[in-house]
Amino acid sequence: SAQDTLRCEPGETYTMNVMVSSHPYWIPVYQGFKQAAAAFGCETTFSGTPDYDISKQIASFEQDMVKQPAGILVHPMQSDPFIEPINRAMESGIQVATFAADSPNSNRTAYVTSDNLAESKFAAEEIVKQIGENAEYAVLENPGQSNHDLRVTSLISYMEDNYPDMKLVGRQATNQDSNAAYRATASILQANPNLGALWIPEAGSAEGAVAAVLEADADVLVMHADITPTTLEHIREGNIHMAINPNQGVQGFMGFMAVFMAAHSDVFDPFNDYKTSGYNPMQFPYIDNGFSVITADNADSFDLNTYMEGRDTN
Amino acid sequence: MNAETITAEGHHSERSFLANLLRMRETGLIAIILVLFIVMSFASPYFLTWVNMRAMTMAFAVEGIVVIGMTILLISGGIDLSVGSVTALAMVIAGWLFLNGVDPWVASGIAIACCTGVGAIMGFFVTRVGLHHFIVSLAIMVIARGICLLGTGGRPLGLYTLPPEFKFIGQGSLGPIPLVIVIFVVIVVAFDFLLRRSTMFRKVFYTGSNERAAAYSGIRTKKVVFLTTTLCSGLCGFAGIIYMARFGSAQPTFGIGMELNVIAAAVIGGASLNGGTGTIFGAILGTVLLSVVSSSLALLDVSVYWQDIIRGSILLAAVAIDHYFHKRTR
Amino acid sequence: MNAETITAEGHHSERSFLANLLRMRETGLIAIILVLFIVMSFASPYFLTWVNMRAMTMAFAVEGIVVIGMTILLISGGIDLSVGSVTALAMVIAGWLFLNGVDPWVASGIAIACCTGVGAIMGFFVTRVGLHHFIVSLAIMVIARGICLLGTGGRPLGLYTLPPEFKFIGQGSLGPIPLVIVIFVVIVVAFDFLLRRSTMFRKVFYTGSNERAAAYSGIRTKKVVFLTTTLCSGLCGFAGIIYMARFGSAQPTFGIGMELNVIAAAVIGGASLNGGTGTIFGAILGTVLLSVVSSSLALLDVSVYWQDIIRGSILLAAVAIDHYFHKRTR
Amino acid sequence: MLLQISGVSKSFGAVHALSGVDFGVRAGEIHALAGENGAGKSTLMNIIDGILQPDDGRILIDGKPVKIASPTEAQRLGIGFVHQEIALCDDVSVAENIFMSATNISKSFLMDYAGQRRKAGQVLARLCDIDPATRAGDLSISSQQLVEIAKALTLDCRILILDEPTAALTEKEAQLLFGIMRKLREQGIAIIYISHRMVEIFDNCDRVTVFRDGRHIVTHDVADIGPDDVVNAMVGRKIETLYPDKLTDPATDTLLSVRGLGDGARIHDVSFDLRRGEILGIAGLIGSGRSEIVKGICGLEPAPEGEIVLAGKTLRRDEYRDAIGDGMVYLSEDRKGDGVFLEMSIASNISALRPEQVAGRFGLIDRKREFAQAEALGKRLNLKCGSLWDPVSSLSGGNQQKVAIAKMLSVDPRIIFLDEPTRGVDVGAKAEIHRILRQLASEGVGIVVISSELPELIGLCDRALVVREGRISGVVAGDEMTEENIMHLASVMDAERVTANEKVGQ
Ligand SMILES: Nc1ncnc2c1ncn2[C@@H]1O[C@H](COP(=O)(O)OP(=O)(O)OP(=O)(O)O)[C@@H](O)[C@H]1O
Ligand SMILES: Nc1ncnc2c1ncn2[C@@H]1O[C@H](COP(=O)(O)OP(=O)(O)OP(=O)(O)O)[C@@H](O)[C@H]1O
Ligand SMILES: [Mg+2]
Ligand SMILES: [Mg+2]
């Protein structure tokens with residue numbers, strides 16, 4: 001029966017593969033992945049490379065393949081280099097789905113991600129709601145990291161398209177370094193006494209930016225994406241207006257579902273050509289894991305350290 | 001050859017103040033910074049404001065403490081790639097202890113002691129085992145980062161519950177001047193003076209200039225190198241604590257890439273990578289230069305993609321000009 | 001004074017093969033790697049599989065080409081922090097040209113030439129202006145990264161439209177062996193031979209060992225340093241092209257932090273940071289060691305937070321053991 | 001005239017090292033160049049070799065003006081140069097060092113290690129027995145000097161410059177070198193020979209030129225003048241006595257007593273006494289272990305066997321610091337390697353042994369006192385320099401040596417061990433140093449001098465120990481202190497070994 005089919009065989013393992021594996025972003029994702037796996041009696045492993053190095057991540061992906069897991073949920077550091085390894089894995093019977101970054105030209109069965117455009121659209125609307133549509137704003141950024149880039153560029157173009165009177169007065173690269181963010185924000189504040197809002201695509205820079213805003217005693221609306229304990233506290237205290245956090249748990253949970261379902265696709269016989277064309281019938285071109293808005297009111301639910309109490313990172 | 005025997009009274013007496021200034025190691029650098037200040041004060045009306053100066057100083061003050069340690073280590077002939085990790089280690093250790101109920105002052109003391117211990121381990125591998133500073137500190141950089149990650153589970157520690165009198169170190173002001181800047185200036189002046197004048201630090205120069213000749217002068221060169229290595233890590237620990245008080249958090253990933261910035265500042269300021277030369281004053285000027293450039297680019301809202309190119313070029317130009325200046329006046 | 005010391009040529013003297021092997025610079029390293037292999041093949045059934053070996057080799061083969069350039073540069077007394085940026089620069093230039101309609105082979109040629117030019121600029125600042133390699137290459141590292149970001153707007157260039165015969169360089173196989181590995185082995189063998197035996201590369205050793213002595217013997221030491229600097233950047237460019245062919249994309253942020261890995265590999269393999277010593281064979285062994293350690297930790301599912309600590313410790317242990325070995329046998 | 005220099009000038013900042021110098025060398029002559037320290041000899045040679053460029057003046061070879069831009073150029077013109085300061089590549093073999101120039105211009109693509117080693121062996125055999133496969137950095141200073149000479153001999157040159165080649169050599173090697181020089185002269189090669197040893201000049205050279213203060217003073221045939229004239233031209237005054245009077249009535253109380261010193265490897269069972277007021281010499285061949293013995297006493301190198309008693313107190317000898325604390329200092333033979341801090345100022349070099357001495361309260365260095373100390377000692381040693389704050393690297397070789405000696409004197413030591421103290425020092429200063437040593441001795445300071453220059457040893461010392469293969473093979477004093485006796489004690493066994501080696505070599 002279907003219920004028996006949708007359970008793991010003993011020893012059936014699913015792997016989640018990432019780059020910069022020590023980054024805290026992966027922690028709730030992997031928790032979601034594990035929780036989903038537990039529900040189906042599956043085993044999981046967490047792998048990848050601690051380095052920001054594509055060769056090493058590919059090597060670790062290939063090593064995962066050596067162990068023949070049932071499926072791999074991968075965060076490909078770059079899309080194209082992963083085409084060949086992902087396809088090879090698929091050919092050897094390992095189902096692969098991507099999350100948070102995609103390899104669209106590969107044969108992966110699914111892609112789970114946050115909608116960065118929706119995030120920045122929400123942020124833009126919130127900024128306009130708070131400071132009006134005739135104001136100055138600035139952004140910090142982290143060039144080269146695609147999701148951060150997207151959060152910044154899409155917010156700017158959304159503003160240009162919908163609120164042409166909003167003026168972008170500062171745009172600084174801070175590369176997730178709180179001290180660099182402190183320096184950049186201090187300068188932006190100097191150069192633009194009428195600055196109304198600051199949009200930051202990640203939390204590391206937000207920590208430094210808030211310090212600068214507080215020091216300059218400036219009345220600037222700070223909003224950022226992702227969350228750290230420190231920015232959370234700033235939200236509680238009202239120094240940061242709000243943060244937008246992707247639903248990492250959903251990302252991991254749905255990521256697991258995607259690979260698991262692909263590995264158990266025999267339960268499914270859809271109305272299409274999969275049999276003759278030979279692809280996996282369980283295809284999800286795009287799953288949006290949604291995002292949460294963190295404000296002073298709900299901040300208590302977003303303390304990762306509290307969440308992780310009694311849970312195992314691996 | 002008309003050089004009279006011992007004409008050397010020169011330095012104190014005949015030469016004028018200006019001539020002395022021109023011969024100083026740091027003159028070229030001061031000139032570059034001045035030019036930058038003048039250009040910037042025309043380019044941006046906000047540049048020469050008290051608030052901007054304060055913000056710029058705050059941005060390099062704590063890193064400046066690490067630069068001091070690095071400069072002394074460079075003079076003794078060493079180098080330390082682990083400064084960023086060790087700074088983060090201090091934050092993580094102190095933060096972790098604090099969250100586990102230890103008094104923040106005690107926790108900070110323990111953290112600084114641990115960092116000093118890390119320096120001692122490096123010193124051991126360099127002086128006793130005989131390995132090169134570069135490779136030892138590279139390994140320690142990786143290990144210390146690992147400990148940071150292990151201790152925090154990779155997650156930043158939120159330390160907003162730190163008592164206000166502790167946060168005062170990083171966030172408070174004495175009158176209009178932030179305490180951080182006061183601490184920084186005191187440390188700079190103290191170390192600059194010591195390095196120029198004390199017999200103890202003179203041995204650092206001897207050791208870095210020619211280790212064998214120093215040993216043949218009865219200096220325990222290994223001890224000197226051991227101590228400078230330890231001092232550098234200890235100062236990193238101290239800097240880490242100030243960062244923690246300032247940002248109210250402990251980030252395990254703090255300070256990645258800091259080492260290159262710090263070494264660049266020291267070298268711009270005249271420290272030689274071969275040991276034997278360098279001044280604290282110069283190194284701080286190097287820090288100021290790098291920091292002013294970054295702040296100015298931000299103030300002028302230069303495109304992010306151009307910033308790296310401009311920063312790199314200014315770095316190159318600064319050392320080249322300084323080198324030229326120095327060669328000419330010597 | 002009858003102690004015959006092993007110098008580079010010592011390998012083919014009268015002494016027995018075994019005795020020679022024991023005295024070789026690389027013996028300690030080979031022993032460490034062997035032990036690691038034996039331990040790992042017991043610890044993981046997947047370790048000694050063809051697929052795993054291939055994956056491990058692929059992971060370091062291209063970086064190994066950069067290691068060769070760095071080793072030669074280190075021997076001549078230099079160092080290069082810009083290798084990662086310059087590798088990325090090659091990818092970006094070639095990728096950009098290709099996307100703008102240039103034939104990929106021509107584009108690659110231009111990219112390699114540009115990287116060689118970057119090396120020439122560094123060489124100029126080092127030999128003509130008289131700056132230190134460390135600081136020049138640091139500045140170039142920042143500038144080259146800026147150019148990469150500027151050229152791509154910070155976004156990776158997708159190059160899956162590269163013609164298959166071009167991709168073959170990075171993705172094809174000769175029989176069971178990937179072409180990348182073949183290229184790598186050929187380059188290693190060629191440079192190892194040249195460095196040991198050719199008169200041209202001996203001058204690199206002389207220059208690095210004592211620049212003055214070499215200059216007094218009529219060697220154009222500046223030219224030597226200029227050429228090794230240029231060669232290193234050129235090899236980075238070549239590596240960048242292979243990466244591009246392999247990954248079918250050009251990433252402006254590629255190779256951040258690569259320099260430390262590459263220098264560590266060369267130093268583990270016996271290259272001195274003071275110049276004058278080093279072998280290609282040793283440096284490649286160093287690369288193998290670092291790579292095998294990384295792969296093994298991943299294969300054993302060691303917690304990421306422990307991986308750094310273990311990697312750092314093994315790095316430290318490897319140089320210490322090697323140093324001890326080498327001191328004893330000399 | 002094979003080589004003609006006319007009107008060459010060179011300044012370093014305010015220092016005029018050479019002012020309008022004329023100088024010529026003929027093919028087939030050995031031309032001595034003499035002058036005080038800092039007279040500009042090495043500077044001129046560096047100009048001839050293309051290392052420095054003249055500010056003014058011309059260089060003619062075979063009557064044709066040439067511009068020598070680099071050592072490579074000089075090599076092409078047939079100029080070979082043995083530098084005053086040793087410059088070898090420590091990391092490579094002796095053979096490779098010797099053939100470095102050849103490698104540089106070699107047309108062949110691959111190195112011929114075996115051939116180089118064979119040929120290097122042949123060249124070295126004329127001078128000493130050094131294995132050409134040895135790493136150059138593992139050799140003692142004197143052996144390195146021999147390698148430098150061998151290196152120059154392999155050059156196919158028409159003009160050979162030897163800048164104080166014998167400063168670190170003993171009589172035996174020096175004589176071998178002179179033999180070679182004479183052979184080269186017969187082949188029509190011009191040799192410029194720089195030395196502060198008058199005997200060498202008068203025994204081996206054809207003509208002599210004297211420089212003073214960067215100017216050419218005279219050139220004479222050696223046959224026409226005597227050593228006194230040369231010295232007179234050099235220093236502009238007469239040197240009364242090169243060596244001060246010796247001790248007339250030796251005291252009997254012992255200052256330092258060494259018993260059974262040994263390190264189990266290179267030195268064995270060394271025992272001797274140093275009496276108050278005497279100057280004790282140590283003689284021996286290269287590599288006999290003279291330096292090792294003295295370093296062992298000072299704790300600079302481990303010598304666990306035996307004991308050392310200084311004024312009745314047995315010393316602990318863990319490190320050199322202890323020795324300094326006890327008032328024993330050692331002047332190294334390797335000036336550049338472990339004598340001076342080249343990039344640091346003269347004043348801070350002189351205060352290096354005990355910076356506390358020039359410090360005021362809280363251990364803070366008082367620049368005035370540091371300066372005064374350097375000034376006083378510099379005057380005493382007749383140091384020639386621009387400013388005392390200039391780096392030591394700006395000094396001539398002999399003046400660097402004076403800085404090293406001043407450093408020793410700065411701590412008012414009880415015992416001074418000097419390893420080749422007058423290496424590279426000119427006659428005037430040498431006499432001055434001798435006078436100072438004698439004066440110190442008479443003030444009760446113990447003086448031990450290692451010197452490879454036997455006339456100096458005999459002229460200066462009251463007694464001399466002779467060392468052979470790490471053991472004391474004899475003590476000579478008074479009339480017994482002759483070159484023959486010392487050489488005999490130093491080399492009986494060695495001579496046998498050398499002949500044996502030569503047989504094997506053939
Ligand atoms: N690089 C330099 N910078 C400054 N002054 C220098 C430099 N080289 C040499 N001099 C000065 O030039 C003068 C001549 O030096 P030189 O080395 O030619 O003397 P020398 O005759 O060889 O003496 P010695 O017998 O001691 O070797 C000295 O006063 C020395 O201080
Ligand atoms: N570090 C070393 N390792 C191996 N052998 C050494 C070392 N140092 C010196 N020796 C050798 O020990 C012997 C004694 O050297 P030492 O320098 O004491 O001789 P010396 O009598 O002072 O002669 P000189 O200084 O004129 O060479 C020499 O054969 C020398 O080559
Ligand atoms: Mg000289
Ligand atoms: Mg000796």
Side-chain angles (χ1 to χ4, degrees), chain B residues 1-15 19-20 23-25 75-77 190 192-224 270-272 274-278 326-330, chain D residues 13-19 38-40 212-215 300 319-325 329-330 332 334 336-344 346-349 351-356 358-359 362-368 371 374-375 378-379 382-391 407:
Chain B
M1 217 215 48
N2 300 323
E4 316 91 278
T5 316
I6 317 284
T7 55
E9 297 84 61
H11 224 64
H12 316 269
S13 47
E14 298 132 43
R15 231 177 281 122
N20 265 337
R23 291 171 69 97
M24 241 174 67
R25 183 68 185 86
I75 294 172
S76 77
D192 187 70
F193 181 76
L194 285 177
L195 213 59
R196 284 182 204 271
R197 298 285 308 276
S198 82
T199 53
M200 197 170 59
F201 279 102
R202 177 60 82 75
K203 290 178 186 163
V204 175
F205 282 93
Y206 289 136
T207 303
S209 175
N210 183 345
E211 177 156 359
R212 261 172 54 209
Y216 274 61
S217 302
I219 294 168
R220 292 194 178 114
T221 53
K222 290 190 171 173
K223 195 175 125 192
V224 170
S272 159
N274 304 319
T277 52
H326 187 51
K327 213 167 56 179
R328 272 224 13 226
T329 53
R330 222 181 64 184
Chain D
V15 178
H16 301 288
L18 293 172
S19 348
R212 185 167 76 226
D213 289 349
R215 285 175 221 283
L300 276 159
E319 25 174 15
Y320 182 40
R321 272 174 73 83
D322 300 336
I324 296 179
V329 294
Y330 169 74
S332 167
D334 183 2
K336 203 172 60 164
D338 32 49
V340 292
F341 305 95
L342 277 175
E343 299 311 323
M344 295 183 73
I346 298 167
S348 47
N349 262 277
S351 62
L353 222 42
R354 206 177 281 158
E356 294 80 9
V358 293
F362 312 119
L364 297 179
I365 288 172
D366 181 343
R367 302 238 310 172
K368 285 210 186 80
F371 185 88
E375 190 176 29
K379 269 219 176 87
N382 197 19
L383 179 72
K384 248 179 216 176
C385 64
S387 152
L388 287 173
W389 301 119
D390 283 347
K407 183 169 112 181

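Numbered from 1 within each chain, the chains take letters A, B, ... in sequence-line order.
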Between [options], the one whose heavy-atom pairs under 4.5 Å with chain B are most numerous:
options	value
D:D338, D:L300, D:L342	D:D338
D:E319, D:R212, D:K407	D:E319
D:S348, D:G339, D:A359	D:S348
D:G325, D:G337, D:P355	D:G337

Residue part contacting chain B, namely of [X], when any heavy atom lies under 4.5 Å:
X	result
D:L353	both
D:L364	both
D:E356	both
D:K336	backbone

Would a 4.5 Å heavy-atom cut-off, applied to side chains only, mark B:R212 and D:D334 as touching?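 SC-SC contact between B:R212 and D:D334 confirmed.
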
D:F371 side chain near D:V358 side chain, heavy-atom distance below 4.5 Å: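 No; the side chains remain at least 4.5 Å from each other.
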
Atom pair [atom1] ([X]) and [atom2] ([Y]), whose distance is rounded to the nearest 0.5 Å:
X	Y	atom1	atom2	answer
D:D322	D:Y320	CG	OH	11.5 Å
D:M344	B:R202	CE	CZ	5.5 Å
B:L195	B:I75	CG	CD1	4.5 Å

Just so I understand: if I count every heavy-atom pair under 4.5 Å between each of B:E211, B:K203, B:R220, B:M200 and chain D, which residue has the most?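 Most heavy-atom pairs under 4.5 Å with chain D: B:R220.
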
Donor-acceptor contact below 3.5 Å, side chain B:N210 vs main chain D:V340: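 Yes, B:N210 side chain to D:V340 backbone: donor-acceptor pair under 3.5 Å.
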
Are any side-chain N or O atoms of B:S217 and backbone N or O atoms of B:I219, one a donor and one an acceptor, separated by less than 3.5 Å?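 Not confirmed, B:S217 side chain does not pair with B:I219 backbone.
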
Which region of B:F193, side chain (C-beta onward) or backbone (N, CA, C, O), has a non-hydrogen atom less than 4.5 Å from a non-hydrogen atom of chain D, or is it both or neither?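 For B:F193, the side chain is the part near chain D, not the backbone.
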
Considering only heavy atoms, which portion of B:A214 lies under 4.5 Å from any heavy atom of chain D: side chain, backbone, both, or neither?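 For B:A214, the contact with chain D is made by backbone and side chain together.
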
Any residue meeting ring pair (Phe, Tyr, Trp, His ring centres under 6.0 Å) with B:Y206, in chain and number order, not counting sequence neighbours: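 By the ring pair (Phe, Tyr, Trp, His ring centres under 6.0 Å) rule, B:Y206 matches D:F341.
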
